2 protein chains.
Amino acid sequence: MLAAERRDHLLELLARQGKIVAKEVAAELGISEDSVRRDLRDLAAEGLCQRVYGGALPVSPAVVDYGARQSVAPDGKRKVASVAAGLVRPGGTVILDGGTTALAVAHALPRDLACTVITHSPPIAVALLDHPQAEVFVLGGRLFKHSAVTCGAAAAEAAQNVSADLFLLGVTGVHPEAGLTTGDAEDAAMKRALAARAADTYVLASSEKIGTASRFRVLPWAETSGLVTDKDPHDPVLEQLAENGVEVLPAG
Amino acid sequence: MLAAERRDHLLELLARQGKIVAKEVAAELGISEDSVRRDLRDLAAEGLCQRVYGGALPVSPAVVDYGARQSVAPDGKRKVASVAAGLVRPGGTVILDGGTTALAVAHALPRDLACTVITHSPPIAVALLDHPQAEVFVLGGRLFKHSAVTCGAAAAEAAQNVSADLFLLGVTGVHPEAGLTTGDAEDAAMKRALAARAADTYVLASSEKIGTASRFRVLPWAETSGLVTDKDPHDPVLEQLAENGVEVLPAG
DNA sequence: CCCGTTCTTGCACGTTTCTGCATGTATCGT
DNA sequence: ACGATACATGCAGAAACGTGCAAGAACGGG
């Protein structure tokens with residue numbers, strides 16, 4: 001591995017996970033921690049990261065350049081996105097829902113991951129423009145501006161023509177009794193249509209969604225494979241879900 | 001192996017695997033590392049790669065990206081976009097092509113214009129998110145990353161289901177004999193399909209496009225209604241077009 | 001056909017850069 | 001305060017680098 005390449009890798013890691021742990025990276029890349037430390041020192045000298053004890057953090061968002069600016073998702077969403085991105089297998093096909101959390105997943109995908117991404121969200125399509133190895137398929141339809149996704153009959157029909165291994169579903173409410181809910185009926189229908197086209201459906205739920213419910217039911221728990229959240233797994237709501245057979249993937 | 005051939009090989013390698021390791025290439029091609037280094041040095045001098053210790057990397061896509069993304073539309077494109085936006089009638093339906101000029105049109109549309117916009121460009125869909133009165137319809141399909149538009153069979157099929165008053169067509173070349181041209185065959189086919197669905201087709205051509213031609217023909221002049229450009233209307237190329245019955249809308 | 005020129009290529013040499021280890025110091029958590 | 005961990009520094013071997021040089025090929029003019 002080239003030294004400069006390693007440097008790029010560090011920067012990408014920083015943008016994707018929001019932090020770097022020197023020890024982990026050294027082990028992952030099979031190089032000494034000294035080299036990682038040296039790289040981090042250099043990057044910090046160029047103002048590209050902030051050196052901290054044990055690793056590095058992104059430079060404060062105010063100073064950060066344009067590239068990272070758009071990837072400023074709240075910490076919780078980024079953690080969820082990072083774990084969810086790990087569910088996407090190389091060569092696999094994933095349906096990415098709309099919403100800010102799903103957008104964070106798009107940003108969290110390794111830049112050179114070879115996979116197929118199906119989405120009905122134009123912002124996600126735009127975010128994936130610089131993933132050269134990702135084959136992106138956009139589901140057309142009427143643009144629902146509130147969520148920045150396409151929906152309606154045309155979109156639902158387009159969804160019937162695709163299949164995927166995985167659907168990463170964003171919702172606005174996750175509640176033991178109310179189930180998975182969202183604020184728009186059409187949007188809910190679209191999510192249902194997408195879930196029906198994927199072998200597995202994982203729900204993206206940053207902590208603020210847990211225990212809340214919105215107006216329209218999306219899916220029953222039985223049709224989901226699991227839930228990715230940064231909320232403490234010992235939270236009563238999550239424990240109740242786990243008892244009901246929902247696989248909870250912690251993103252702490 | 002010819003020197004120029006070797007150079008091409010290096011560039012292709014760079015594009016394919018995102019990096020070049022001098023030692024590996026030298027062994028693979030059976031030449032000395034010195035020659036590889038010399039080639040890389042030359043390529044770097046031409047700005048075709050970035051030289052690093054041990055090999056080379058592509059010119060940072062980040063630099064290109066941000067440059068293009070950040071740079072507000074050049075003056076010419078903005079003038080063209082402004083005039084073209086004026087062609088959109090309240091309550092009317094317009095098909096907006098992809099490309100930076102069409103994106104400028106989206107930005108130039110009055111924020112509360114009530115109209116229907118059909119597009120196969122995710123960035124344009126995103127740009128129209130804050131036009132509350134605009135009904136936006138996205139044509140889905142495989143995402144062609146170079147132009148940031150959807151194309152392919154699915155997109156062409158989706159195009160068959162819409163109709164519009166107006167198609168604002170972006171091209172890369174406007175030439176009296178070669179006609180309207182663009183750099184990608186699929187993209188050209190998509191533009192043709194869109195032109196067939198609109199009553200009128202107006203070409204968006206900022207001055208640098210006038211008199212140039214690209215690889216693939218899009219449309220004959222007969223199927224266009226007019227041309228919007230900021231180039232001096234007395235330009236010989238434009239006068240020749242006008243003689244052939246093309247309506248030239250000046251955007252000076 | 002011959003000769004001089006130019007360009008390319010590989011080799012040799014000295015220099016720079018990188019990397020991992022060892023050492024001693026600073027910092028963190030308990 | 002203490003041990004554990006992370007850190008900076010110095011060092012040595014290895015790898016990559018630039019440069020100069022010479023052999024060979026391609027080319028053009030006489």
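Chain identifiers are assigned alphabetically (A, B, ...) following the order of the sequence lines, protein sequences preceding nucleic acid strands; residue numbering begins at 1 within each chain. The structure presented is a predicted model; accordingly, all values stated were derived computationally and were not measured.
In this structure, CZ of B:R37 is placed 18 Å from P of C:dT8, rounded to the nearest angstrom. B:E24 has its CD atom 14 Å from the P atom of D:dA15, to the nearest Å. Remark: C1' of C:dT9 and CG of B:L29 are 14 Å apart, rounded to the nearest angstrom.
With no hydrogens or angles considered, a side-chain donor-acceptor pair links B:K77 and B:T100 at under 3.5 Å. Side chains of B:S214 and B:T182: no donor on one and acceptor on the other come within 3.5 Å. Using modelled atom types, one finds no donor on one side chain facing an acceptor on the other under 3.5 Å when comparing B:T181 with B:R217. Side-chain atoms of A:D187 and A:H146 include no donor-acceptor pair closer than 3.5 Å.
By the neighbour-count criterion of 12 heavy atoms within 6.0 Å, atom NZ of B:K145 is densely surrounded, having more than that number from other residues, nucleotides or ligands.
Along DNA chain D, the nucleotide nearest A:G54 and the nucleotide nearest B:A22 are compared for position; the residue whose nucleotide lies closer to the 5' end is A:G54.
For the OP1/OP2 pair of D:dA8 and a distance below 4.0 Å, the side-chain nitrogens and oxygens of A:R41 include at least one atom meeting the criterion. Within the 4.0 Å cut-off from OP1 or OP2 of D:dC7, at least one side-chain nitrogen or oxygen of A:R51 is found. For B:K23, no side-chain nitrogen or oxygen approaches OP1 or OP2 of D:dA15 to under 4.0 Å.
Here A:E5 pairs with B:K19 in a salt bridge; the nearest charged N to carboxylate O distance falls below 4.0 Å.
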* Asked: Along nucleotides 15-22 of chain C, 5' to 3', which nucleotides get a B, which get an S, and which get a -, given that the test is a protein heavy-atom distance under 4.0 Å?
  -> --BSBBBB

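If you check every strand for non-hydrogen atoms under 4.0 Å, B:V52 touches sugar and phosphate atoms only.
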